[in-house]
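The sequence lines fix the lettering, A, B, ..., with proteins before strands; numbering per chain opens at 1.
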Amino acid sequence: MSSSVKGMRDLLGDELRWFQRIEEAVHRVFGAHGYREIRTPILEYTEVFKRSVGDSSDIVNKEMYEFLDKGNRSVTMRPENTAGVVRAMVDHKLLVNNDPQLFYYMGPMFRYERMQAGRYRQFWQIGAESFGVASPESEAESLVMLFDFLQGLGLKSLSLSLNSVGTPESRPAFNAAFRAFFDARANHFCEDCHRRIETNPMRILDCKNPGCQAALEGHPTIVEFLDEASKAHHTRLKELLTALDIPFTENPRLVRGLDYYTRTAFEVLSSDLGAQSALLGGGRYDGLVKMLGGPDTAAFGWAIGLDRLAMVLKQLQGDAPFDPPALLIPLGEKASAEAIRLAREWWGKGLSIQLETRGCPLKKALQSANRTGVKLALILGEGELEKGTVAVKHLDTGEQEEWSLEETALNLGGKGTRS
RNA sequence: GCGGCUGUAGCUCAGUUGGUUAGAGUGCUGGAUUGUGAUUCCAGAUGUCGUGGGUUCAAGUCCCAUCAGCCGCCCCA
């Protein structure tokens with residue numbers, strides 16, 4: 001019966017309330033860390049993604065919303081936002097003098113995929129990217145921000161899965177060793193892995209096939225073939241995380257699906273997401289800026305699935321807290337004129353007031369109020385008008401009392417509400 | 001891209017081996033005298049049976065196609 005485009009949904013009600021709550025925390029926490037927001041276009045030239053995400057990745061191969069515009073240029077609705085942010089850094093020449101540049105973003109991404117629990121064709125991501133700093137300290141800082149953000153939302157037991165995927169320089173050594181390991185037991189690996197050994201051997205490590213996982217027992221790890229600098233980097237990051245009380249587990253088989261990562265790679269999974277267990281992922285991508293035409297710049301970043309985060313929070317905490325405005329119900333012509341004036345005065349003081357403007361009988365007004373979740377009805381009739389009061393009905397308990405106008409402003413004051 | 005399940009009132013669903021006018025609960029609308037909801041009582045309305053074909057005297061029920069949703073694979077957020 002749905003008539004929205006497949007995989008794209010309307011956000012409203014409780015789900016939207018969780019989104020808003022998360023977004024508010026993003027601005028507050030990330031802003032406090034000195035990250036600034038960036039909003040890049042939803043549409044980029046297809047080339048931007050092909051060059052950054054990688055031609056061999058599934059995203060580019062089969063998941064992009066890609067089409068020709070009227071000028072016959074190939075454009076793509078962003079499947080992720082790191083590429084767009086890097087493109088913006090390059091365009092605005094923000095990286096020319098090597099100052100650190102810290103940015104965060106939030107917004108819809110698009111991937112043409114088969115739908116499933118926690119997976120949509122239009123989904124939202126929150127991400128943070130830091131440019132111009134190569135140190136493990138910058139990664140620790142970014143991860144602290146991430147964990148403070150998530151813990152602030154009430155997620156306590158998170159497991160960070162950590163690995164180093166090395167550098168383009170260190171990878172040949174690993175690939176050679178891994179190839180020898182693979183060839184010695186090649187018949188135990190699946191068809192896909194035989195393809196991967198030619199295109200991207202690392203990706204065999206996270207093949208989901210149980211047979212392949214078993215065959216990987218005792219495999220050479222990327223970490224043991226790291227160059228000295230990368231090895232020191234990896235060790236230092238682990239020391240920092242330990243000192244900062246950020247729990248992590250080393251996962252030598254963790255490899256990310258995007259081609260641009262170097263050195264640090266990580267993921268956080270959640271058991272509350274069904275098969276779509278990845279809540280967030282990220283890592284270092286020191287080569288990407290140069291690849292997109294900018295100066296050789298170190299970079300580190302990650303992205304969280306907002307839809308999935310909201311889903312986890314709902315599972316853990318139920319409905320998002322909601323404080324609906326009080327409903328002001330005037331009775332009669334005289335009262336309804338006064339109600340608008342009075343509400344305006346209260347709005348000016350920052351109160352949250354919804355006006356019943358239908359001029360309907362009180363019974364009907366209360367029925368609607370009850371249905372729409374109003375908690376407090378302020379009834380303004382002839383009698384109240386003369387006395388300068390309102391009849392205040394608490395819809396959850398049924399109790400009713402009478403407040404002066406001053407009392408009302410005082411009692412409702414400062415309560416921030418949103419739908 | 002591949003596989004499994006599902007689609008009947010706003011919502012949750014029932015509907016026999018095909019058989020006459022398609023049902024329940026909830027919700028909705030109106031009423032139980034004036035300015036009091038949610039609870040109670042009375043009355044009422046509700047449907048392209050996802051869509052399009054086919055088989056049949058007869059299809060919500062069987063067949064095919066298609067669309068959508070859920071779940072899984074791949075991959076990811």
Side-chain angles (χ1 to χ4, degrees), chain A residues 1-9 22 53-54 56-64 78-82 106-127 190-193 195-196 200 203 206-210 212 254-258 267-270 273-282 301-312 327 329-332 335 356 359-385 390-402:
Chain A
M1 202 50 90
S2 170
S3 56
S4 67
V5 173
K6 181 170 180 157
M8 306 195 176
R9 69 207 199 283
I22 293 165
V53 177
S56 68
S57 71
D58 272 18
I59 290 180
V60 168
N61 276 329
K62 57 177 194 183
E63 296 173 0
M64 296 210 300
R78 59 186 189 191
E80 57 103 50
N81 206 27
T82 298
M106 209 160 28
M109 310 293 157
F110 304 82
R111 291 183 198 174
Y112 194 87
E113 288 191 285
R114 187 65 181 269
M115 299 200 40
Q116 204 177 127
R119 171 194 281 169
Y120 307 96
R121 287 185 174 178
Q122 176 176 348
F123 60 101
W124 277 258
Q125 276 188 341
I126 297 163
C190 70
E191 211 178 303
D192 281 341
C193 285
R195 188 172 41 75
R196 290 186 184 112
N200 195 350
R203 302 237 48 197
D206 75 344
C207 180
K208 299 300 184 298
N209 188 312
C212 296
L254 170 65
V255 193
R256 313 266 10 255
L258 284 61
E267 281 179 359
V268 172
L269 309 181
S270 168
L273 290 168
Q276 307 310 313
S277 58
L279 180 61
L280 67 95
W302 40 259
I304 313 179
L306 183 41
D307 315 69
R308 291 181 185 180
L309 181 55
M311 192 184 293
V312 170
L327 181 67
I329 307 171
L331 302 170
E356 172 60 76
C360 58
L362 180 58
K363 183 188 180 93
K364 185 150 266 183
L366 286 171
Q367 271 171 356
S368 301
N370 189 55
R371 267 197 297 267
T372 51
V374 170
K375 287 182 185 138
L376 218 56
L378 310 176
I379 303 162
L380 184 68
E382 296 289 330
E384 287 82 5
L385 207 53
V390 288
V392 180
K393 185 164 183 91
H394 300 264
L395 274 82
D396 39 4
T397 62
E399 284 171 56
Q400 187 163 323
E401 49 188 324
E402 192 159 349

Query raised in the report: Do A:E382 and A:L331 touch side chain to side chain, with heavy atoms closer than 4.5 Å?
Result: no

Taking only N/O atoms, report every protein-nucleotides 32-35 of chain B pair under 3.5 Å with atom names and distance.
residue: B:G35; atom: O6; partner: A:E382; partner atom: N; Å: 3.4
residue: B:G35; atom: O6; partner: A:G383; partner atom: N; Å: 3.2
residue: B:G35; atom: O6; partner: A:E384; partner atom: OE1; Å: 3.2
residue: B:G35; atom: N1; partner: A:E384; partner atom: OE1; Å: 2.9
residue: B:G35; atom: N1; partner: A:E384; partner atom: OE2; Å: 3.1
residue: B:G35; atom: N2; partner: A:E384; partner atom: OE2; Å: 3.1

Query raised in the report: Considering only heavy atoms and no angle criterion, is a donor-acceptor pair shorter than 3.5 Å present between the side chain of A:K62 and the base of B:C74?
Result: yes

Report task. Check every strand shown and say whether A:E80 touches a base, only sugar-phosphate, or nothing at a heavy-atom separation below 4.0 Å. Result -> nothing

Requested in this report: From the options A:L395, A:V392, A:L327, select the one residue that forms a side chain to side chain contact (heavy atoms under 4.5 Å, CB included) with A:L376.
Outcome: A:V392

Report summary line: Stems of at least 3 consecutive Watson-Crick or G-U wobble pairs (donor-acceptor distances under 3.5 Å) involving RNA chain B, listed by first number, are B:1-7 with B:67-73, B:10-13 with B:23-26, B:28-32 with B:40-44, B:50-54 with B:62-66

Query raised in the report: Looking only at side-chain N and O atoms, does A:K393 come under 4.0 Å of OP1 or OP2 in B:U36?
Result: no

Query raised in the report: Between B:C70 and A:R9, is there an OP1 or OP2 to side-chain N/O distance shorter than 4.0 Å?
Result: no

Query raised in the report: Over how many whole Å does the gap from A:R114 atom CZ to B:C71 atom P extend?
Result: 12 Å

Query raised in the report: Can you tell me how far P of B:G72 sits from NZ of A:K208, to the nearest Å?
Result: 14 Å

Query raised in the report: For B:C74, does either OP1 or OP2 sit under 4.0 Å from a side-chain N or O belonging to A:R203?
Result: no

Requested in this report: Return yes if some donor-acceptor pair links the side-chain N/O of A:R78 with the main-chain N/O of A:P108 below 3.5 Å, else return no.
Outcome: yes

Query raised in the report: Name the one of A:V374, A:V390, A:L366, A:L378 that satisfies side chain to side chain contact (heavy atoms under 4.5 Å, CB included) with A:I329?
Result: A:L366

Report task. Take atom P in B:C62 and the same atom in B:U6, then report the distance between them in whole Å. Result -> 11 Å

Query - Between B:G72 (P) and A:R119 (CZ): distance, integer Å - result: 10 Å

**Report entry** Integer angstrom distance from the C1' of B:G35 to that of B:C28
**Finding:** 25 Å

Requested in this report: Indicate, with a heavy-atom threshold strictly under 4.0 Å, whether A:R256 touches base, sugar-phosphate, or nothing.
Outcome: sugar-phosphate

Requested in this report: Please answer whether the main-chain N or O of A:A278 pairs with a side-chain N or O of A:R308 as donor and acceptor at a distance below 3.5 Å.
Outcome: yes

Query - A:Q116 side-chain N/O to B:G72 phosphate OP1/OP2 under 4.0 Å - result: yes

Report task. Please state the C1' separation for the pair B:G53 and B:C13 - nearest whole angstrom. Result -> 29 Å

Report task. Between B:U39 and B:U26, how far apart are the C1' atoms? Round to whole Å, please. Result -> 15 Å

Report task. Answer yes or no: does a side-chain N or O of A:R371 lie under 4.0 Å from OP1 or OP2 of B:U29? Result -> yes

Query raised in the report: Considering heavy-atom distances to RNA chain B, does A:G7 or A:G281 have its closest nucleotide positioned more toward the 5' end?
Result: A:G7

Query raised in the report: Does A:K375 use its side chain to pair, donor to acceptor, with the backbone of A:G373 at less than 3.5 Å?
Result: no

**Report entry** Between B:A77 (P) and A:E113 (CD): distance, integer Å
**Finding:** 10 Å

**Report entry** Counterpart residues, side chain to side chain contact (heavy atoms under 4.5 Å, CB included), relative to A:E267 (two or more places apart)
**Finding:** A:L254, A:R256, A:L269

**Report entry** Under 4.0 angstrom between A:R196 side-chain N/O and B:C75 OP1 or OP2
**Finding:** yes

Query raised in the report: Relative to A:Y112, does A:R121 satisfy both conditions: NZ or CZ under 6.0 angstrom from the six-membered ring centre, and within 45 degrees of the ring's axis?
Result: yes

Report task. Answer yes or no: does a side-chain N or O of A:K364 lie under 4.0 Å from OP1 or OP2 of B:G30? Result -> yes

Query - Pairwise C1' distance, B:C67 and B:G10 [rounded to whole Å] - result: 22 Å

Requested in this report: Write down the distance separating the P atoms in B:A22 and B:G47, rounded off to the nearest Å.
Outcome: 11 Å

Report summary line: Interatomic distance, CE@A:M8 vs OH@A:Y120, rounded to 0.5 Å, equals 13.0 Å

Report summary line: CG of A:L309 to CE of A:M311, rounded to nearest 0.5 Å, is 10.5 Å

Query raised in the report: Starting at CE of A:M8 and ending at P of B:A77, how long is that distance when rounded to a whole Å?
Result: 18 Å

**Report entry** Atom C1', compared across B:G37 and B:C70: separation rounded to whole Å
**Finding:** 37 Å

Report task. Using heavy atoms to find the nearest nucleotide of RNA chain B for A:M115 and A:F123 separately, return the residue whose nucleotide is more 5′. Result -> A:M115

**Report entry** Student check: side-chain heavy atoms of A:D192 and A:N209 closer than 4.5 Å
**Finding:** no

Report summary line: Counting primed atoms, P, OP1 and OP2 as sugar-phosphate and everything else as base, the B/S/- map of nucleotides 38-44 of chain B against protein heavy atoms under 4.0 Å is S------

Requested in this report: Take A:R9 and A:D307 through the side-chain contact (heavy atoms from CB on, under 4.5 Å) test and state the conclusion after the steps.
Outcome: CA-CA 11 Å; A:R9 69 207 199 283; A:D307 315 69; 2.9 Å; yes

Requested in this report: Please state how far atom CG in A:D206 lies from atom C1' in B:C74, giving the value in whole angstrom units.
Outcome: 12 Å

Query raised in the report: How long is the line joining CG of A:D307 and C1' of B:C76, in whole Å?
Result: 13 Å

Report task. Check side chain to side chain donor-acceptor pair (under 3.5 Å) between A:R114 and all other residues, then give those that pass, not counting sequence neighbours. Result -> none

Report summary line: In whole angstroms, the gap separating C1' of B:G1 from CZ of A:R121 amounts to 11 Å

Query raised in the report: Roughly how far apart, to the nearest Å, are B:A24 and B:G31 at atom C1'?
Result: 24 Å

Report summary line: Residue set satisfying salt bridge (charged side-chain N to carboxylate O under 4.0 Å, His left out) with A:K6, at least two apart, ordered chain then number -> none

